[in-house]
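Here, residue 1 is the first one in the sequence, and each next residue gets the next number. In listed order, ligands and their atoms are each counted from 1. Here the structure is a predicted model, which is why all the values come from computation and not from measurement. Hydrogens, waters and symmetry mates play no part in the numbers below; they use all other heavy atoms, side chains included.
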Amino acid sequence: MAKVTFVQPDGSARTCVNFEGMTLMQLAVGNLVDGIDALCGGMMQCATCHCYIDPDWLDRTGPARPEEREMLEAIDGVEIRPNSRLSCQVQLGEELDGLVVHIPAEQPGI
Ligand code: FES
């Protein structure tokens, strides 16, 4: 199990606990975290699961892979930063216990 804290654009934060095998997106959706809609269900087709990994954690999650970045760039309304990730592509494990994730102010409208 690993705890993940989701920080909203207004600074409010919520910590959720994941179970074995979940992705960051599944944890957010399962806990009704605002701002992670994940409309394609994790198929890397929508970018509505976009999030910003806290810079302190980026070395552990790694940056977006080329195919993630392509998806982010293909959708209007996404403010891409060096720490942008598609949360459906971040597999949670013990090494990410304590992870902090920031929710974008706006997600793309699909
Ligand atoms: S849920 Fe659609 S790209 Fe991640």
Open item on the list: For Asp34, is there any backbone N or O sitting under 3.5 Å from a side-chain donor or acceptor partner on Gln8?
Closed with: yes

Open item on the list: Would you say CD of Glu106 has more than 12 non-hydrogen atoms from neighbouring residues, nucleotides or ligands within 6.0 angstrom?
Closed with: no

TODO: Return yes when atom CD of Glu95 has more than 12 non-hydrogen atoms of other residues, nucleotides or ligands closer than 6.0 Å, and no otherwise.
DONE: yes

- [ ] Please assess Val100 against Asp56 for the test side-chain contact (heavy atoms from CB on, under 4.5 Å), listing each intermediate value before the final yes or no.
- [x] CA-CA 8 Å; Val100 178; Asp56 288 347; over 6 Å; no

- [ ] Among all protein heavy atoms, pick the one closest to atom 1 (S) of ligand 1 and tell me residue, atom and distance.
- [x] Gly42 N, 3.3 Å

Please work out, at 4.0 Å between heavy atoms, whether the side chain, the backbone, both, or neither of [X] comes within that distance of ligand 1.
{"X": "Ala38", "answer": "both"}
{"X": "Ser87", "answer": "neither"}
{"X": "Gln45", "answer": "backbone"}

TODO: Taking only heavy atoms of Met44 into account, list the atoms of ligand 1 that are under 4.0 Å away from them.
DONE: 3 (S)

Task: N/O/S atom of Cys49 inside 2.8 Å of atom 4 (Fe) of ligand 1, strictly under - done: yes

Open item on the list: Below 2.8 Å, can you find an N, O or S atom of Cys88 next to atom 4 (Fe) of ligand 1?
Closed with: yes

Task: Exercise: identify the closest heavy-atom pair between Val33 and Cys16 - done: CG2-SG, 4.3 Å

Open item on the list: Let me confirm one number: the CD-CE distance from Glu94 to Met1, rounded to the nearest 0.5 Å.
Closed with: 8.5 Å

- [ ] Round to 10° and report the angle made at atom 2 (Fe) of ligand 1 by SG of Cys46 and SG of Cys40.
- [x] 110°

